[in-house]
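Atom set for the values below is all heavy atoms of this structure, side chains included, hydrogens, waters and symmetry mates excluded. Note that this is a predicted model, so its numbers are computed, not measured. Counting starts at 1 for both ligands and their atoms, following the listed order.
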Amino acid sequence: MSKLVVHTEEKKSKINRNLYGNFSEHLGRCIYNGVYVGENSEIPNVNGMRCDVVEALKAIQLPVLRWPGGCFADEYHWKDGIGPKESRKKMINTHWGGVVEDNSFGTHEFLELCRQIGCEPYINGNVGSGTVQEMSEWMEYMTFDGVSPMASLRAENGHPAPWKVKYFGVGNENWGCGGNMRPSYYADLYRRFQTYVRDYGENRVFRIACGPSTDDYAWTEEVMRIAGRYMNGLSLHYYTSPGTWEKKNSATNFSRADYYETLKKALYMEELITKHLEIMSRFDPEHKVGLIVDEWGTWYEVEPGTNPGFLYQQNTMRDAMVAAATLNIFNAHSDRVVMANIAQLVNVLQSVILTEGDKMVLTPTYHVFDLYKHHHDATLLHSWLETEEIGDEQNRIPNLSVSASEDAEGVVHITLANLSPDTAYPIDCTLTGRANAAARARILTGAMDAYNDFDHAEDVCIEDFDALTVENGALTFTIPACSVMEITVS
Ligand code: AHR
């Protein structure tokens, strides 16, 4: 019997809802066909946005969406994506498949998408191939409420009222696809570019600097040293990619050893966050700068027969376990990690949604975001979980992962994942101070390689879990192998 104790009187940090954010890039079929089909499409849409996708994202209460990249951001020129669609400039998407980008989805369309979903926009500006003026004018175009060249241009293009845009990234992966810069050079550029990303009226910009890849602690150190006092957030990118970069795993056809390797690599997020935060603290002892994990998730070989530049991959229960364990790590660090954006929204990498023509599939990862949605803006509770090591010789991982929070109504939500692909565990869960509690639970469970596709859209989905006993504040149940549970205690 594994013990879990949730100390309901030991309240910790507020879990920022933005930890449950997502990322949408002009990459493969994420934007085009994924979220945007155009006003004239036969696929049901509102102003060009797919109704099915928007409804699904509303259901998980998507809080924030990053756009337009990724690597695409540092070759994106926003003025090419405004005005009459027939006269918008066409460009080559050099990073992702060399396809023609017709710019029919631009600033107005992205902000309309966010309006329909009800989420905050997070816009990533171009440092690599852009200018200070271009970045400055983008913010003026979107948010200035008055008489100015950019505000007039916005009105000419059909949107006289300004939008609210809080989150703005100054460059993406500038150590790589965003210009191959050295940290000191980027840090100076960051200082310069961000100066002209103005706060207009009541719009207060939360400025996000390009942070490290994975364990590039030298980047964090140098950028924080030179530019730390000019930023509100520093981004971290980390992908879980079992195998080697040249020969990655298949998304669906993998062994138990691959499974353990994947989970082990995903759990490395804990060490990365801890070490980057330690460095950030040296330059920012008052913790004014938040860590933003604005790209994370699994990265496998593309599905056979698909364009290698489109990064289209299936999504199994293995991905659900990666998502569950990672989100529990983010919750645990919610005092300093203030946003995270899984890559990516639709049809790219660890997507929450897949589409094909007018069909849509919700992935196991989507269902994890559904199970975790009650953590949004809730208060993290101290919890203690007895775990044991499982895995093979190369990769040892804990069998269980948990987080617990209390929402504004005093309801406790526990998200518990059993990372073992084959063993169920009996759990004895105590909630201190909740002697007369009532509990209910939902579960996502399946074989480690189970997934949904367009012919079997609901092979993996959330079910009610009734096999739970409550007595004197203690819950007992058995968590099946390879499953994620949400337990609600009121
Ligand atoms: O998410 C795919 C790519 O991964 C992004 O464009 C880039 O920022 C990262 O390397």
Task: Where ligand 1 meets L349 - atom numbers and elements under 4.0 angstrom, heavy-atom basis - done: 1 (O), 2 (C)

Task: Sub-4.0 Å atoms of ligand 1 with respect to non-hydrogen atoms of E173 - done: 7 (C), 8 (O), 9 (C), 10 (O)

Open item on the list: Within the 4.0 Å heavy-atom shell around G70, which atoms of ligand 1 are there?
Closed with: 5 (C), 6 (O), 8 (O)

Task: Ligand-residue contact atoms, ligand 1 with Q344, heavy atoms, under 4.0 Å - done: 1 (O), 2 (C)

Open item on the list: Both conditions, 6.0 Å and 45 degrees, for the charged tip of R66 above the ring of F23: are they met here?
Closed with: yes

Task: Face-on cation placement of R207 at Y230 ring, 6.0 Å and 45° thresholds - done: no

Open item on the list: Looking at every non-hydrogen atom in both residues, tell me the closest pair between N347 and C30 and how far apart they are.
Closed with: CB-N, 4.4 Å

Open item on the list: Under 4.0 Å from a heavy atom of C71: which atoms of ligand 1 are those, numbered in the order shown and with their elements?
Closed with: 5 (C), 6 (O), 7 (C), 8 (O)

- [ ] List the steps, then state whether side chain to side chain donor-acceptor pair (under 3.5 Å) holds for N328 with S401.
- [x] CA-CA 7 Å; N328 282 341; S401 154; 2.7 Å; yes

- [ ] May I ask you to list the atoms of ligand 1 that are less than 4.0 angstrom from any heavy atom of Y239?
- [x] 1 (O), 2 (C), 4 (O)

- [ ] State the atoms of ligand 1, each with its element, that fall below the 4.0 Å cut-off from a heavy-atom position in F23.
- [x] 1 (O)

- [ ] With heavy atoms under 4.0 Å as the rule, classify the contact between N172 and ligand 1 as side chain, backbone, both or neither.
- [x] side chain

Open item on the list: Going by salt bridge (charged side-chain N to carboxylate O under 4.0 Å, His left out), name the pairs with one or both residues in residues 103-130, residues two or more places apart or in two chains.
Closed with: K85-E109, R88-E109, E112-R115, E120-K164

TODO: Would you please indicate yes or no on a ring centroid separation below 6.0 angstrom for Y238 and Y268?
DONE: yes

TODO: For ligand 1, note which part of H95 has a heavy atom under 4.0 Å away: side chain, backbone, both or neither.
DONE: neither

Task: Heavy-atom side-chain proximity of E140 to T143 below 4.5 angstrom - done: no

Task: Proximity of W299 to ligand 1 by residue part, where a heavy atom lies under 4.0 Å - done: side chain

- [ ] Would you mind checking which non-hydrogen protein atom is closest to atom 7 (C) of ligand 1, with the distance to 0.1 Å?
- [x] E295 OE1, 3.3 Å

Open item on the list: Quick check: do V46 and V54 have side-chain heavy atoms less than 4.5 Å from each other?
Closed with: no

